[in-house]
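One structure is given below, encoded as structure tokens.
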Amino acid sequence: MRAPVSPRVARPVMYQRWSRTTFMHWRYPPGTVQRLLPDGLTAETFDSTAWVGLVPFVMEDVGVPGLPRMPAFPETNLRTYVRDERGRSGIWFLSLDAGTLPAVLGGRAGFWLPYHWARMSVRSEGPLLRYRSRRRFGGVHCDADVTAGPPLTAAGRDELAHFLTARFRLFSVVAGRLADAEVEHPPWPLHHARLDALEQDLTDAAGLPAPDGPPLLHGSPGVPVRVGMWRRGPRGAGRQG
């Protein structure tokens with residue numbers, strides 16, 4: 001199945017590369033996710049359920065136009081999928097943990113995203129990826145061991161894989177108003193992946209019940225990313241429920 005087409009971000013405000021990425025996804029009742037969303041966003045469903053993704057990776061080549069790039073650092077996102085009142089699909093972040101303080105401060109001040117500073121590492125041992133993260137304040141953690149597998153065949157790149165990974169818009173609440181930013185990236189080169197171990201309480205910290213059963217996994221070596229400027233919506237949209 002052909003992946004959705006990325007928009008073209010002609011004037012990016014930030015460059016990034018998301019590398020050594022693992023997507024772990026669980027089904028959730030739409031109402032459970034909806035209560036965590038601000039006004040103006042609706043939980044987007046596939047097969048009549050909402051999905052929550054736990055996504056550890058390495059952030060590389062991070063920078064803004066005209067300035068040097070930052071050193072690479074680990075990050076772990078807890079996210080879900082939404083539509084706004086105009087029917088546009090995107091990502092809503094329930095939390096973002098990063099291993100460097102400048103990224104946390106910049107993400108909170110510049111993008112109004114719920115970043116947390118954490119002690120983090122990503123180690124590669126052949127096909128095995130070991131992700132480790134523990135917040136410096138509160139101790140919320142995520143430890144995962146994932147073995148990367150071969151690339152997905154064309155048949156394996158089904159509609160659900162595209163729904164979970166081909167996402168080109170971020171939503172946030174900026175100064176009390178819902179805002180969105182376009183994200184440009186090529187199609188993810190998706191691989192099979194096997195979860196060898198997982199201990200995490202990010203879902204609990206976000207106000208979600210414990211995931212039901214093992215996650216659906218996809219792996220990827222990564223993609224380059226261009227992030228556009230926030231565009232704020234009308235007043236009244238963005239109040240947290």
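- Looking at Val104 and His116, their side chains never come closer than 4.5 Å, going by heavy atoms from C-beta outward.
- Distance CZ/Arg134 to CG/Asp143: 6.5 Å, rounded to 0.5 Å.
- With values rounded to the nearest 0.5 angstrom, Leu41 atom CG is found 12.0 Å from Leu36 atom CG.
- Two residues are said to be in side-chain contact when any heavy atoms from C-beta on lie closer than 4.5 Å; Leu54 and Cys142 meet this criterion.
- Residues passing the side chain to side chain contact (heavy atoms under 4.5 Å, CB included) test with Thr32, sequence neighbours excluded: Tyr28, Pro29, Arg35, Leu208, Pro209.
- A donor and an acceptor atom, one from each side chain of Ser124 and Arg20, are located under 3.5 Å apart.
- No donor-acceptor distance shorter than 3.5 angstrom exists from the side chain of Arg27 to the backbone of Ser48, with no hydrogens or angles considered.
- Separating the OG1 atom in Thr42 from the CD atom in Glu44 is a distance of 9.5 Å, to the nearest 0.5 Å.
- Rounded to the nearest 0.5 Å, atoms CE (Met229) and CE (Met14) are 11.0 Å apart.
- Among residues at least two apart or in separate chains, there is no salt bridge (Lys or Arg N to Asp or Glu O under 4.0 Å) pair with a member in residues 108-117.
- Note that CD1 of Ile91 and OG of Ser172 are 12.5 Å apart. Values are rounded to the nearest 0.5 Å.
- Residues satisfying the side chain to side chain contact (heavy atoms under 4.5 Å, CB included) criterion with Pro30, sequence neighbours excluded, are Thr45.
- For the pair Glu182 (side chain) and Arg226 (backbone), a donor-acceptor distance under 3.5 Å is absent.
- With sequence neighbours left out, Asp180 forms a salt bridge (charged side-chain N to carboxylate O under 4.0 Å, His left out) with Arg88, Arg169, Arg231.
- The shortest distance between side-chain heavy atoms of Trp92 and Val173 falls below 4.5 Å.
- The CG atom of Leu216 lies 11.5 Å from the CG atom of Leu195; values are rounded to the nearest 0.5 Å.
- Looking only at atom types and distance, the side chain of Tyr81 has no donor-acceptor partner in the side chain of Arg83 under 3.5 Å away.
- Proximity of Asp39 to Leu178: side-chain heavy atoms (C-beta onward) are nowhere separated by under 4.5 Å.
- Every side chain to side chain contact (heavy atoms under 4.5 Å, CB included) that Pro221 has, sequence neighbours left out, goes to Pro189, His191.
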List, one per line, each side-chain donor-acceptor pair under 3.5 Å for residues 93-103, sequence neighbours excluded.
| from | atom 1 | to | atom 2 | distance (Å) |
| --- | --- | --- | --- | --- |
| Asp97 | OD1 | Arg135 | NE | 3.4 |
| Asp97 | OD1 | Arg135 | NH2 | 3.1 |
| Asp97 | OD2 | Arg135 | NE | 2.7 |

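- Between Val225 and Arg17, every side-chain heavy-atom pair lies at or beyond the 4.5 Å cut-off.
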| Verdict with reasoning, Leu217 to Val146, per side-chain contact (heavy atoms from CB on, under 4.5 Å) | CA-CA 9 Å; Leu217 258 67; Val146 178; 4.1 Å; yes

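- Listed by chain and residue number, Phe163 satisfy the ring-ring contact (aromatic ring centres under 6.0 Å, His included) test with Phe46 (two or more places apart in sequence, or in another chain).
- With hydrogens and angles disregarded, a donor-acceptor distance shorter than 3.5 Å links the side chain of Asp84 to the backbone of Arg86.
- In this structure, the side chains of Thr80 and Trp51 stay at 4.5 Å or more apart for every pair of heavy atoms.
- Shown here are the ring-ring contact (aromatic ring centres under 6.0 Å, His included) partners of Phe23, two or more places apart in sequence or in another chain: Trp188.
- Applying the side chain to side chain donor-acceptor pair (under 3.5 Å) test to every pair with at least one member in residues 59-72, sequence neighbours left out, gives these pairs: Ser19-Glu60.
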Distance-only criterion, 3.5 Å: show the donor-acceptor pairs between side-chain atoms of residues 4-13 and protein atoms not counting sequence neighbours.
| from | atom 1 | to | atom 2 | distance (Å) |
| --- | --- | --- | --- | --- |
| Ser6 | OG | His185 | N | 3.2 |
| Ser6 | OG | His185 | O | 3.4 |
| Arg8 | NH1 | Glu184 | OE2 | 3.1 |

Please report, to 0.1 Å, the donor-acceptor pairs under 3.5 Å made by any side chain of residues 197-204, with sequence neighbours excluded.
| from | atom 1 | to | atom 2 | distance (Å) |
| --- | --- | --- | --- | --- |
| Gln200 | OE1 | Leu202 | N | 2.8 |
| Gln200 | OE1 | Thr203 | N | 3.2 |
| Gln200 | NE2 | Thr203 | OG1 | 3.0 |
| Asp201 | OD1 | His141 | N | 2.8 |
| Asp201 | OD1 | His141 | ND1 | 3.3 |

| Check against side-chain contact (heavy atoms from CB on, under 4.5 Å), Thr22 and Tyr131 | CA-CA 10 Å; Thr22 298; Tyr131 302 99; 2.8 Å; yes

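- Applying the side chain to side chain contact (heavy atoms under 4.5 Å, CB included) rule to Ala109 yields no partners; only residues at least two apart in sequence or on another chain are considered.
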